[in-house]
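I have placed the structure first, in the form of structure tokens, so that the comments after it can refer back to it.
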2 protein chains.
Amino acid sequence: MDKAKRERLEANGWKVGTVADFLELTPEESTLIEIKLALSRILRQRRQERMTQAELAEKIHSSQPRIAKAEGGDSSVSIELLVRAMLATGATPQDIGQVIAGAGGIISFQ
Amino acid sequence: MDKAKRERLEANGWKVGTVADFLELTPEESTLIEIKLALSRILRQRRQERMTQAELAEKIHSSQPRIAKAEGGDSSVSIELLVRAMLATGATPQDIGQVIAGAGGIISFQ
DNA sequence: ACAAATTATATCATATTTGATATATGCGCT
DNA sequence: AGCGCATATATCAAATATGATATAATTTGT
């Protein structure tokens, strides 16, 4: 995990600090985070291609600020909301499955 | 959606009654339910092959009753918990993605 | 540069999800 | 039948996620 990525995680409220701190996360915990972040990234991409945050929010009876947090990878956003938002962009279960399958990549140290 | 399935959904607290009631769910809402139920089913399968509910619960700092609800497709269980449990059975993001991709099938009427 | 639209951040009361606990039910085995 | 173990169901206080609101910052178009 490079510096930029770690800082992005910290800025979004994830309990990730030094590399030592990071190692306190089990592989399962970090995979869960990777899945959420992967969904965030693709959500933003898909949403931008079709509508504003406010429009998406209305579709799922949420609010624009919540969509901003979802796309920003904020730790207060559940997979639940991310999936609801993905579906509202017209994503199929296949689309969502593919995003999750592609998450949780390789973490390298030296 | 056949009768047995509807009754199973109702028994687990889903707001699904008559076919008319069902139709009040948007396609997105029912897809979300299908995704959760697909995860439940595979979770039970994977868990049974490797450990007891109590053992899985301990791995994710949860409780045996909560795992029972997760496997039973209870509506009080979030995708979050389902995914955490899947990961604790050793499932990879690929495994999880595949389950989700396969969810939300065809609903037929006549 | 300006205005309008869009997105981000902060706060908060409410709703939902959570793990814990107690207890019931089932299930294989002797 | 009775025992041990696994799973299911019920209840609940605490934690977390939620949508709403206000407002700040940013982007976009002119």
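The figures here come from the full heavy-atom set of this structure, side chains too, leaving out hydrogens, waters and symmetry mates. Naming: A, B, ... by sequence-line order, numbering from 1 per chain. These figures come from a predicted structure and were not determined experimentally.
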At a cut-off of 3.5 Å, list every protein nitrogen or oxygen paired with a nitrogen or oxygen from nucleotides 28-30 of chain D, distance to 0.1 Å.
none

> Between the side chain of B:Q94 and the main-chain N/O of A:A101, is any donor-acceptor distance below 3.5 Å?
Replying inline: yes
> Which atoms form the tightest heavy-atom contact between B:G72 and B:R44, and what is the distance?
Replying inline: N-NH2, 4.4 Å
> Counting only N and O atoms by type, is there a donor-acceptor contact under 3.5 Å from the side chain of B:E80 to the main-chain atoms of A:I79?
Replying inline: yes
>> Of all nucleotides in DNA chain C that come within under 4.0 Å of a heavy atom of chain A, which is furthest toward the 5' end and which toward the 3' end?
In response: C:dT6 to C:dA10
> Has the side chain of B:R84 got a donor or acceptor atom that lies under 3.5 Å from a matching backbone atom of A:L32?
Replying inline: no
>> For a quick test of reading the model: is some side-chain N or O of A:S76 closer than 4.0 Å to OP1 or OP2 of D:dA17?
In response: no
>> Going by the rule side-chain contact (heavy atoms from CB on, under 4.5 Å), which residues pair with A:A91 if we only count those two or more places apart in sequence or in a different chain?
In response: A:R46, A:M86, A:T89, A:D95, A:I96
> Taking all non-hydrogen atoms of both residues, which atom of B:A70 and which atom of B:S40 are closest, and how far apart?
Replying inline: O-OG, 3.0 Å
> What closest approach, in Å, do A:T31 and B:P93 show between heavy atoms, and which atom pair accounts for it?
Replying inline: CG2-CG, 3.6 Å
>> Under 4.0 Å, counting only non-hydrogen atoms across every strand here, what does B:S63 touch: a base, just sugar-phosphate, or nothing?
In response: base
> Partners of A:E55 by side-chain contact (heavy atoms from CB on, under 4.5 Å), sequence neighbours excluded?
Replying inline: A:M51, A:T52
Nucleotides 4-8 of chain D: which of its N/O atoms have a protein N/O under 3.5 Å away?
residue, atom, partner, partner atom, Å
D:dT7, OP1, B:R47, NH1, 2.5
D:dT7, OP1, B:R47, NH2, 3.3
D:dT7, OP2, B:Q53, N, 2.9
D:dA8, OP1, B:R44, NH2, 2.7
D:dA8, OP2, B:R44, NH2, 3.1
D:dA8, OP2, B:Q53, NE2, 2.6
D:dA8, N7, B:Q64, NE2, 2.8
D:dA8, N6, B:Q64, OE1, 3.0

> Among residues 82-89 of chain B, which residues get a heavy atom nearer than 4.0 Å to DNA chain C?
Replying inline: B:R84
> Where do B:P27 and B:S30 come nearest, in terms of heavy atoms and distance?
Replying inline: O-OG, 3.1 Å
> Can you list the steps and then say if B:R47 with B:E71 is a salt bridge (Lys or Arg N to Asp or Glu O under 4.0 Å)?
Replying inline: CA-CA 9 Å; B:R47 194 272 310 163; B:E71 292 183 356; 2.6 Å; yes
>> Taking side-chain hydrogen bond (donor to acceptor under 3.5 Å, both in side chains) as the criterion, tell me which of B:R66, B:Q48, B:Q64, B:E58 meets it with B:Q53.
In response: B:Q64
> Once you round it to whole Å, what is the distance between P of D:dT16 and CD of A:E80?
Replying inline: 17 Å
>> For A:I60 versus A:A88, what's the shortest heavy-atom pair and its separation?
In response: CG2-CB, 3.4 Å
> DNA chain C: A:R66 or B:V77, which has the more 5' nearest nucleotide?
Replying inline: A:R66
> Can you name the nearest heavy-atom pair linking B:A85 to B:L56, along with the distance?
Replying inline: O-CD1, 3.8 Å
